[in-house]
Q: 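To start, I am sharing the structure in question, which I have written as structure tokens.
The first residue in the sequence is number 1, and the count goes up from there.
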Amino acid sequence: GARDGGVTFEDYNDWQMSNPRYDPVEVRSMWNSYKDGPVKVATLFHIAKEYGYQAKGDRTAPMRQQATRKTPEPPRKPAKGMSPAEVWERLKPASNQHGYVNLRNIANDCLPQLREVPASDPICKHQPVAGFLAVPAYGHDGVLQSIQFVPPNGGKKLNLAGAAMSGASLQIGPTDGPVVFGESLGNASAVYMATGGRAVSCFGSGNIKRVVESFRQREPNTPATIAPDRGKEGEAFEIAAQFNCRVACLPETDASNFD
């Protein structure tokens, strides 16, 4: 009944991004696999009212039966030494010998912005990221918001546990001029190497809209392009129409999710 009740993919994606094992491709696949069954939102409201729920303007249910609303819990503080800034400070500089750097041919100019996770770092007791490449994820205010960990073989990426990735990005290349938005570090690096212009990694297709929207608030007139992974063109065109961007599409012969 979630879709019937108006839950969107963006709502679902926001909820999933709190998971340290968040994978945008997997989240999209799960969302597409969900099918609404015979229970619709009207049925859910009916059951809720039987247990005391009272909608706005509905005076039929006794007030004493209304469920007590819980005060939202404040964001949990990270464990000591596990905040993004503390973890980042301990990591070692990235090397051009790292497996993922070579696998994706990451531009040498990007390396000063990246780091690697020593096996001895305390973060490895909380997440299996020893030897992973560490990619900083900055909020719109320029403050380090989270860290994405990328295994040397380019496998499943992990986000720093407890640190929200929503709206975060990493810009590489020049600090001004036309900009291209892509899903990943590999995408942004390839764009930078091909154009010499600035490129932005949005850490997943579900995050591109938030990053572009924030960018447009700061730079309403700068030429901007979205470079989606293969198969994500529809979403890219919707975002582009809303925020005055162009879209650079890959050949249709490329495999799904190729960037």
Side-chain angles (χ1 to χ4, degrees), residues 9-10 12-31 75-106 110-139 143-172 181-190 200-208 210-211 229 232 257-259:
F9 171 72
E10 290 188 354
Y12 178 72
N13 188 63
D14 282 344
W15 174 63
Q16 287 284 5
M17 290 184 86
S18 63
N19 187 338
R21 294 182 178 275
Y22 169 78
D23 182 333
V25 175
E26 183 177 336
V27 168
R28 170 65 69 174
S29 176
M30 288 191 297
W31 174 259
R76 295 181 180 180
K77 293 183 178 180
K80 185 178 181 180
M82 292 297 119
S83 70
E86 291 173 312
V87 173
W88 188 255
E89 185 65 26
R90 297 194 303 265
L91 304 183
K92 66 180 184 180
S95 163
N96 59 10
Q97 301 302 310
H98 189 273
Y100 186 75
V101 171
N102 282 298
L103 180 68
R104 292 303 307 267
N105 192 27
I106 301 299
C110 298
L111 292 182
Q113 294 180 268
L114 309 175
R115 297 192 178 179
E116 296 179 27
V117 184
S120 59
D121 192 272
I123 187 64
C124 299
K125 297 179 181 179
H126 300 267
Q127 293 182 265
V129 294
F132 281 36
L133 188 70
V135 185
Y138 296 99
V143 175
L144 184 65
Q145 180 174 312
S146 187
I147 302 172
Q148 184 170 84
F149 301 106
V150 186
N153 64 358
K156 189 176 181 64
K157 301 170 184 175
L158 299 176
N159 298 330
L160 179 64
M165 188 64 78
S166 181
S169 63
L170 173 66
Q171 178 175 292
I172 61 178
F181 298 92
E183 288 192 29
S184 65
L185 169 66
N187 183 313
S189 174
V200 175
S201 168
C202 300
F203 299 101
S205 61
N207 213 25
I208 291 178
R210 302 179 188 88
V211 175
D229 285 8
K232 306 291 181 61
N257 295 321
F258 179 75
D259 65 357

Q: Please report the shortest heavy-atom distance between Ser189 and Asn105, naming the atom on each side.
A: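 Closest approach of Ser189 to Asn105: OG-O, 4.0 Å.
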
Q: So, the side chain of Glu183 versus the backbone of Ile208: is there a donor-acceptor pair under 3.5 Å, distance only?
A: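 Looks like no, no N/O pair under 3.5 Å.
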
Q: Locate the shortest heavy-atom distance separating Leu103 from Asn153; write the atom from each residue and the value.
A: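 Closest approach of Leu103 to Asn153: CD2-O, 3.5 Å.
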
Q: Do Ser169 and Asn207 have side chains that approach each other closer than 4.5 Å (heavy atoms only, starting at C-beta)?
A: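 No, every pair of side-chain atoms sits at 4.5 Å or beyond.
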
Q: Do other residues, nucleotides or ligands put more than 12 heavy atoms under 6.0 Å from Glu89 CD?
A: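 For Glu89, atom CD is not crowded (no more than 12 foreign heavy atoms under 6.0 Å).
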
Q: Work out which heavy atom in Phe132 is nearest to a heavy atom in Pro152; give both atom names and the distance.
A: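 Nearest heavy atoms, Phe132 then Pro152: CD1-CD, 4.2 Å.
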
Q: Taking atom CG of Leu111 and atom OG of Ser95, what is their separation to the nearest 0.5 Å?
A: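 Atom-to-atom, Leu111:CG and Ser95:OG are 7.5 Å apart.
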
Q: Measure across Ala168 and Val211 and return the closest heavy-atom pair with its distance rounded to 0.1 Å.
A: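 In this case the closest contact between Ala168 and Val211 is O-CG2, 3.6 Å.
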
Q: Is there a side chain to side chain contact (heavy atoms under 4.5 Å, CB included) between Val117 and Cys124 once you walk through the steps?
A: CA-CA 8 Å; Val117 184; Cys124 299; 3.7 Å; yes

Q: Once rounded to the nearest 0.5 Å, what's the spacing between atom CH2 of Trp88 and atom OG of Ser146?
A: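 It comes to 11.0 Å.
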
Q: Would you check if the side chain of Gln113 reaches a backbone N or O of Ile172 as a donor-acceptor pair within less than 3.5 Å?
A: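 A pair under 3.5 Å: no.
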
Q: In Å, rounded to the nearest 0.5 Å, how long is the span from CE of Met82 to CD1 of Ile123?
A: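 Spacing of CE (Met82) from CD1 (Ile123) equals 5.0 Å.
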
Q: Please say which of Arg90, His126, Glu116 ends up in a side-chain contact (heavy atoms from CB on, under 4.5 Å) with Asp121.
A: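 That would be Arg90.
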
Q: Looking at every non-hydrogen atom in both residues, tell me the closest pair between Gly186 and Ile106 and how far apart they are.
A: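 That would be CA-CD1, 4.0 Å.
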
Q: Below 4.5 Å, heavy atoms only, C-beta onward: do Lys157 and Ser184 meet side chain to side chain?
A: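 A side-chain contact exists here, since the closest heavy-atom pair is under 4.5 Å.
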
Q: Got a donor-acceptor contact below 3.5 angstrom from the Gln127 side chain to the Asn159 backbone?
A: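 Yes, Gln127 side chain to Asn159 backbone: donor-acceptor pair under 3.5 Å.
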
Q: Quick one: does Gln145's side chain have a donor or acceptor within less than 3.5 Å of a partner on Ala164's backbone?
A: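 At least one qualifying donor-acceptor pair exists.
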
Q: Can a donor-acceptor pair be found, under 3.5 Å and without considering hydrogens, that links the side chain of Asn96 to the backbone of Val101?
A: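 No: the side chain of Asn96 does not pair with the backbone of Val101.
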
Q: Any heavy-atom pair between the side chains of Val135 and Phe203 that's under 4.5 Å?
A: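 Yes, at least one pair of side-chain atoms sits under 4.5 Å.
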
Q: With heavy-atom distances below 4.5 Å as the criterion, would you say the side chains of Leu144 and Tyr138 are in contact?
A: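 With C-beta onward as the side chain, the pair touches.
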
Q: Does any non-hydrogen side-chain atom of Asn187 lie less than 4.5 Å from one of Cys202?
A: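 Not touching, per the 4.5 Å side-chain cut-off.
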
Q: If you define the side chain from C-beta out and look only at heavy atoms, does anything of Pro136 sit under 4.5 Å from Leu114?
A: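 Counting from C-beta outward, Pro136 and Leu114 do come under 4.5 Å.
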
